[in-house]
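Right, one structure below, let's go through it.
Just so we're on the same page: letters track the sequence lines, and every chain starts at 1. None of these values were measured; they are calculated from a predicted model.
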Amino acid sequence: MNYWLVKSEPFKYSWDDFVKQGVGTWDGVRNYQARNNLASMKLDDLVLFYHSNEGLEVVGIAKIVKEAYPDPTTDDNRWVVVDLVPVEKLPNPVTLKAIKADERLKDIALIRLSRLSVQQLKKDEFDIILSKAYGN
DNA sequence: GCCAACGTTGGC
DNA sequence: GCCAACGTTGGC
(Lines give C-alpha, C1' and ligand atoms only; values in the text may rest on other atoms or scores of the structure.)
Protein backbone atom coordinates (compact mmCIF):
# COMPACT_ATOMS: atom_id res chain seq x y z
CA MET A 1 0.00 0.00 0.00
CA ASN A 2 1.28 3.42 -0.93
CA TYR A 3 0.29 6.87 0.23
CA TRP A 4 0.00 9.96 -1.93
CA LEU A 5 -0.90 13.59 -1.88
CA VAL A 6 -2.51 15.43 -4.75
CA LYS A 7 -2.99 19.14 -5.11
CA SER A 8 -5.89 20.94 -6.65
CA GLU A 9 -6.80 24.56 -6.84
CA PRO A 10 -10.19 24.72 -5.17
CA PHE A 11 -11.64 27.24 -7.61
CA LYS A 12 -10.90 24.76 -10.41
CA TYR A 13 -11.67 21.50 -8.68
CA SER A 14 -12.38 21.46 -4.98
CA TRP A 15 -12.97 18.65 -2.52
CA ASP A 16 -16.70 19.51 -2.61
CA ASP A 17 -16.74 19.24 -6.40
CA PHE A 18 -15.04 15.89 -6.05
CA VAL A 19 -17.59 14.62 -3.48
CA LYS A 20 -20.47 15.85 -5.63
CA GLN A 21 -19.04 14.04 -8.61
CA GLY A 22 -18.48 10.79 -6.71
CA VAL A 23 -15.68 9.54 -8.94
CA GLY A 24 -12.96 11.92 -9.97
CA THR A 25 -10.61 11.41 -12.89
CA TRP A 26 -7.27 12.99 -12.11
CA ASP A 27 -6.53 14.45 -15.52
CA GLY A 28 -4.45 17.28 -16.86
CA VAL A 29 -1.12 16.22 -15.35
CA ARG A 30 1.61 17.45 -17.69
CA ASN A 31 4.70 16.89 -15.63
CA TYR A 32 6.82 13.77 -15.91
CA GLN A 33 7.47 13.32 -12.24
CA ALA A 34 3.81 13.71 -11.38
CA ARG A 35 2.93 11.38 -14.25
CA ASN A 36 5.34 8.75 -12.93
CA ASN A 37 3.67 8.96 -9.56
CA LEU A 38 0.24 8.54 -11.13
CA ALA A 39 1.51 5.49 -12.96
CA SER A 40 2.74 3.98 -9.68
CA MET A 41 -0.61 4.24 -7.93
CA LYS A 42 -2.27 0.97 -7.08
CA LEU A 43 -5.88 0.08 -6.39
CA ASP A 44 -6.93 1.15 -2.88
CA ASP A 45 -3.87 3.34 -2.29
CA LEU A 46 -4.84 6.29 -0.11
CA VAL A 47 -4.51 9.84 -1.35
CA LEU A 48 -4.60 13.07 0.59
CA PHE A 49 -6.43 15.88 -1.18
CA TYR A 50 -4.75 19.25 -0.77
CA HIS A 51 -6.10 22.66 -1.71
CA SER A 52 -3.41 24.86 -3.22
CA ASN A 53 -3.51 28.63 -3.79
CA GLU A 54 -6.62 29.01 -1.67
CA GLY A 55 -7.10 27.21 1.59
CA LEU A 56 -3.59 25.76 1.65
CA GLU A 57 -4.66 22.73 3.59
CA VAL A 58 -5.23 19.00 3.35
CA VAL A 59 -8.97 18.60 3.33
CA GLY A 60 -9.81 14.97 2.71
CA ILE A 61 -8.82 11.41 1.98
CA ALA A 62 -9.46 9.66 -1.31
CA LYS A 63 -8.56 6.27 -2.68
CA ILE A 64 -7.65 4.85 -6.04
CA VAL A 65 -10.43 2.96 -7.79
CA LYS A 66 -8.80 2.72 -11.21
CA GLU A 67 -5.11 2.49 -11.93
CA ALA A 68 -3.36 4.57 -14.58
CA TYR A 69 -4.80 4.67 -18.10
CA PRO A 70 -4.27 7.07 -21.02
CA ASP A 71 -5.42 10.63 -20.39
CA PRO A 72 -8.69 11.09 -22.33
CA THR A 73 -8.16 14.85 -22.47
CA THR A 74 -5.22 14.56 -24.86
CA ASP A 75 -4.07 12.52 -27.87
CA ASP A 76 -0.58 12.53 -26.48
CA ASN A 77 -0.07 9.04 -25.13
CA ARG A 78 2.66 10.11 -22.73
CA TRP A 79 0.09 11.24 -20.19
CA VAL A 80 -2.03 9.12 -17.90
CA VAL A 81 -4.85 9.59 -15.40
CA VAL A 82 -6.25 7.63 -12.45
CA ASP A 83 -9.74 7.50 -10.99
CA LEU A 84 -10.34 8.37 -7.33
CA VAL A 85 -13.30 8.28 -4.98
CA PRO A 86 -13.69 10.33 -1.79
CA VAL A 87 -13.21 8.31 1.40
CA GLU A 88 -13.60 10.87 4.13
CA LYS A 89 -13.49 14.57 4.77
CA LEU A 90 -11.00 15.44 7.50
CA PRO A 91 -12.66 16.71 10.71
CA ASN A 92 -9.82 19.23 11.06
CA PRO A 93 -8.12 20.28 7.83
CA VAL A 94 -4.35 20.18 8.17
CA THR A 95 -2.85 23.46 7.06
CA LEU A 96 0.42 23.96 5.25
CA LYS A 97 1.45 26.03 8.23
CA ALA A 98 0.87 23.12 10.60
CA ILE A 99 2.82 20.82 8.30
CA LYS A 100 5.70 23.26 8.08
CA ALA A 101 5.71 23.66 11.84
CA ASP A 102 6.20 19.92 12.39
CA GLU A 103 9.83 18.92 12.54
CA ARG A 104 8.97 15.38 11.40
CA LEU A 105 7.45 16.67 8.15
CA LYS A 106 10.36 18.87 7.09
CA ASP A 107 11.30 16.62 4.18
CA ILE A 108 7.96 15.94 2.55
CA ALA A 109 7.55 16.90 -1.05
CA LEU A 110 4.83 19.41 -0.24
CA ILE A 111 7.55 21.57 1.30
CA ARG A 112 10.65 20.50 -0.58
CA LEU A 113 9.09 20.22 -4.04
CA SER A 114 6.24 22.62 -3.64
CA ARG A 115 5.39 22.67 -7.32
CA LEU A 116 4.90 18.94 -7.76
CA SER A 117 1.18 18.25 -8.02
CA VAL A 118 1.23 14.50 -7.35
CA GLN A 119 3.52 13.41 -4.57
CA GLN A 120 4.27 10.24 -2.67
CA LEU A 121 4.17 10.18 1.13
CA LYS A 122 5.82 7.77 3.49
CA LYS A 123 3.43 5.90 5.75
CA ASP A 124 4.88 7.78 8.72
CA GLU A 125 4.21 11.13 7.09
CA PHE A 126 0.70 10.09 6.12
CA ASP A 127 0.02 8.98 9.70
CA ILE A 128 1.39 12.19 11.19
CA ILE A 129 -0.85 14.29 8.97
CA LEU A 130 -3.87 12.17 9.83
CA SER A 131 -3.15 12.41 13.54
CA LYS A 132 -3.35 16.19 13.18
CA ALA A 133 -6.62 15.88 11.29
CA TYR A 134 -8.24 13.70 13.92
CA GLY A 135 -6.54 15.09 17.01
CA ASN A 136 -7.78 18.24 18.66
C1' DG B 1 0.82 41.09 -7.63
C1' DC B 2 5.43 39.58 -6.76
C1' DC B 3 8.93 36.37 -6.89
C1' DA B 4 11.46 31.94 -6.05
C1' DA B 5 11.83 27.40 -7.70
C1' DC B 6 11.89 24.53 -11.23
C1' DG B 7 10.70 22.33 -15.79
C1' DT B 8 10.96 22.90 -20.77
C1' DT B 9 12.51 24.68 -25.03
C1' DG B 10 15.63 25.91 -28.48
C1' DG B 11 20.00 27.94 -30.26
C1' DC B 12 24.60 26.92 -30.56
C1' DG C 1 24.98 18.27 -24.54
C1' DC C 2 25.14 22.82 -22.44
C1' DC C 3 22.83 26.77 -20.99
C1' DA C 4 20.05 30.98 -21.42
C1' DA C 5 15.42 32.33 -21.95
C1' DC C 6 11.02 31.64 -20.92
C1' DG C 7 6.68 29.76 -18.85
C1' DT C 8 4.24 27.85 -14.93
C1' DT C 9 3.26 26.85 -10.25
C1' DG C 10 2.26 28.17 -5.81
C1' DG C 11 3.38 30.53 -1.37
C1' DC C 12 3.37 34.92 0.52
N/O donor-acceptor pairs under 3.5 Å from side chains in residues 79-88 of chain A, not counting sequence neighbours:
residue, atom, partner, partner atom, Å
A:D83, OD1, A:T25, OG1, 2.8
A:D83, OD1, A:Y69, OH, 2.7
A:D83, OD2, A:Y69, OH, 3.2
A:E88, OE1, A:Y134, OH, 2.9

* Structure fact -> side-chain hydrogen bond (donor to acceptor under 3.5 Å, both in side chains) filter on A:K97, not counting sequence neighbours, yields none
* Enumerate the residues from residues 103-119 of chain A whose closest heavy atom to DNA chain B is under 4.0 Å, giving them by residue number; use none for an empty result. => A:R112, A:R115
* Spatial distance of atom OH (A:Y32) from atom CG (A:N37) [nearest 0.5 Å] -> 15.0 Å
* Looking across every strand, which nucleic acid part, if any, lies under 4.0 Å from A:K97 by heavy atom: base, sugar-phosphate, or nothing? -> nothing
* Asked: Which nucleotide span of DNA chain C, 5' end to 3' end, has atoms closer than 4.0 Å to non-hydrogen atoms of chain A?
  -> C:dG7 to C:dC12
* Presence of salt bridge, A:R35 and A:D71, under 4.0 angstrom -> no
* **Donor-acceptor contact below 3.5 Å, side chain A:D17 vs main chain A:S14** => yes
* Using atom types as modelled and distance alone, determine if a side-chain donor or acceptor of A:T74 lies under 3.5 Å from a backbone N or O of A:D76. => yes
* **side chain to side chain donor-acceptor pair (under 3.5 Å) partners of residues 48-62 of chain A, not counting sequence neighbours, each pair once** => A:E9-A:N53
* Asked: For A:A109, which residues count as a side chain to side chain contact (heavy atoms under 4.5 Å, CB included) partner, sequence neighbours excluded?
  -> A:L113, A:Q119
